[in-house]
Enquirer: 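I have a structure I would like to understand better, so I am pasting it below and will then ask my questions one at a time.
The analysis underlying the following values was restricted to heavy atoms, covering all of them including side chains, and did not include hydrogens, waters or symmetry mates.
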Amino acid sequence: MMTPVEIRAPRGARLLEVVWEDGTSSLISHQVLRGYCPCAVCQGHSGSIRWVEGTETLPDGTFELVELRPSGQYALQMTWGDGHSTGIYTFSFLNELGGLFDLSAEESREKTFGR
């Protein structure tokens with residue numbers, strides 16, 4: 001499992017940067033993080049993690065990351081500008097989401113991820 005050594009989420013920014021133990025970095029837009037929220041409300045209780053339809057039309061304030069906190073030794077929990085806070089993003093999932101940064105919006109919304 002990849003472990004982050006630094007996480008940067010400046011207030012007002014719309015990108016999360018994760019520096020991994022191997023020295024690589026991942027940039028993940030807040031819209032991608034919110035669009036792939038892994039919580040049961042957004043994804044249901046089974047199946048692949050998919051893009052939550054309509055995320056791209058949410059108000060801009062929705063994508064403000066107001067709180068970022070560890071969840072155990074393996075994940076982060078995020079609270080968004082609209083109060084949504086039930087998603088727990090494992091480090092391995094964050095690493096996978098980092099691979100979407102150079103894709104077009106359309107291409108990134110077509111991806112699916114395992115649980």
Side-chain angles (χ1 to χ4, degrees):
M1 174 178 73
M2 292 283 277
T3 303
V5 294
E6 189 173 356
I7 298 167
R8 298 181 188 124
R11 192 159 301 279
R14 290 296 188 256
L15 284 175
L16 178 78
E17 181 180 8
V18 182
V19 179
W20 301 100
E21 63 189 346
D22 68 356
T24 60
S25 295
S26 297
L27 291 173
I28 312 165
S29 77
H30 290 188
Q31 188 178 66
V32 164
L33 287 165
R34 185 61 190 267
Y36 281 106
C37 178
C39 81
V41 172
C42 293
Q43 299 291 333
H45 293 281
S46 62
S48 299
I49 296 174
R50 299 179 180 284
W51 178 261
V52 177
E53 292 299 321
T55 299
E56 61 279 2
T57 63
L58 293 172
D60 190 50
T62 303
F63 305 110
E64 179 184 355
L65 189 54
V66 296
E67 186 177 6
L68 182 64
R69 62 189 171 281
S71 182
Q73 298 293 316
Y74 69 99
L76 297 175
Q77 188 169 9
M78 300 176 192
T79 301
W80 297 100
D82 63 354
H84 186 70
S85 65
T86 53
I88 296 176
Y89 298 75
T90 64
F91 297 151
S92 60
F93 183 48
L94 288 172
N95 191 266
E96 289 183 279
L97 289 176
L100 302 179
F101 187 73
D102 290 327
L103 299 179
S104 70
E106 183 178 293
E107 290 172 315
S108 68
R109 292 175 188 150
E110 294 173 354
K111 299 294 182 184
T112 59
F113 301 93
R115 291 185 187 252

Enquirer: If you compare all heavy atoms of C42 against all heavy atoms of C37, which two are closest, and at what distance to 0.1 Å?
Expert: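 Looking at all heavy atoms of both residues, the closest pair is CB-O, 3.6 Å.
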Enquirer: Once ring pair (Phe, Tyr, Trp, His ring centres under 6.0 Å) is applied, what residue pairs with a partner in residues 91-111 remain, sequence neighbours excluded?
Expert: F93-F113
Enquirer: Restricting to salt bridge (charged side-chain N to carboxylate O under 4.0 Å, His left out), what partner residues turn up for R8, sequence neighbours left out?
Expert: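 Applying salt bridge (charged side-chain N to carboxylate O under 4.0 Å, His left out) to R8 gives E6, E17.
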Enquirer: Do you know which two heavy atoms are closest between Q77 and T86, and how far apart they sit?
Expert: NE2-CA, 4.2 Å
Enquirer: For V18 and P4, which heavy atoms make the closest approach, and how far apart are they?
Expert: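 Minimum heavy-atom contact is CG1-CB, 3.6 Å.
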Enquirer: Quick one: closest heavy-atom pair of R11 and L65, and the distance?
Expert: NH1-O, 4.3 Å
Enquirer: Answer yes or no: are there more than 12 heavy-atom neighbours, outside Q73 itself, under 6.0 Å from its atom CD?
Expert: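 Count not over threshold, so no.
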Enquirer: Looking only at heavy atoms, what is the nearest atom pair of G81 and V66, with distance?
Expert: CA-CG1, 4.2 Å
Enquirer: Listed by chain and number, what are the side-chain hydrogen bond (donor to acceptor under 3.5 Å, both in side chains) partners of T24, not counting sequence neighbours?
Expert: D22
Enquirer: Tell me every residue that passes salt bridge (charged side-chain N to carboxylate O under 4.0 Å, His left out) with D60, counting only those two or more places apart in sequence or in another chain.
Expert: R14
Enquirer: Which donor-acceptor pairs under 3.5 Å do the side chains of residues 44-55 make with protein atoms, sequence neighbours left out?
Expert:
| from | atom 1 | to | atom 2 | distance (Å) |
| --- | --- | --- | --- | --- |
| W51 | NE1 | E56 | OE1 | 2.9 |
| T55 | OG1 | V52 | O | 2.6 |

Enquirer: Can you run down the side-chain hydrogen bond (donor to acceptor under 3.5 Å, both in side chains) pairs that involve residues 93-106, sequence neighbours left out, and say none if there aren't any?
Expert: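 Those involving residues 93-106 are S104-E107.
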Enquirer: Can you list every pair that meets ring pair (Phe, Tyr, Trp, His ring centres under 6.0 Å) and has a residue in residues 57-90, with sequence neighbours left out?
Expert: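 As it turns out, the ring pair (Phe, Tyr, Trp, His ring centres under 6.0 Å) pairs with a partner in residues 57-90, which skip direct neighbours, are H30-W80.
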Enquirer: For T79, give me all partners under side-chain hydrogen bond (donor to acceptor under 3.5 Å, both in side chains), at least two apart in sequence or on another chain.
Expert: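 If we apply the side-chain hydrogen bond (donor to acceptor under 3.5 Å, both in side chains) test to T79, skipping adjacent residues, the hits are R69.
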Enquirer: How would you list, by chain and number, every residue that makes a side-chain hydrogen bond (donor to acceptor under 3.5 Å, both in side chains) with S26, sequence neighbours excluded?
Expert: W20
Enquirer: What pairs with S92 under side-chain hydrogen bond (donor to acceptor under 3.5 Å, both in side chains), at least two apart in sequence or on another chain?
Expert: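 So S92 forms a side-chain hydrogen bond (donor to acceptor under 3.5 Å, both in side chains) with T90.
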Enquirer: Check whether L97 and L103 end up in the same hydrophobic cluster, where Ile, Leu, Val, Met, Phe, Trp and Tyr are linked by side-chain heavy atoms less than 4.5 Å apart.
Expert: yes
Enquirer: So, does E21 use its side chain to make a donor-acceptor pair with the main chain of V5 at under 3.5 Å?
Expert: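 A pair under 3.5 Å: no.
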Enquirer: Find out whether L68 and L16 are in side-chain contact, i.e. whether some heavy atom of one side chain is under 4.5 Å from a heavy atom of the other.
Expert: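 L68 reaches L16 side chain to side chain.
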Enquirer: For R34, check salt bridge (charged side-chain N to carboxylate O under 4.0 Å, His left out) against everything at least two apart and list the hits.
Expert: D82
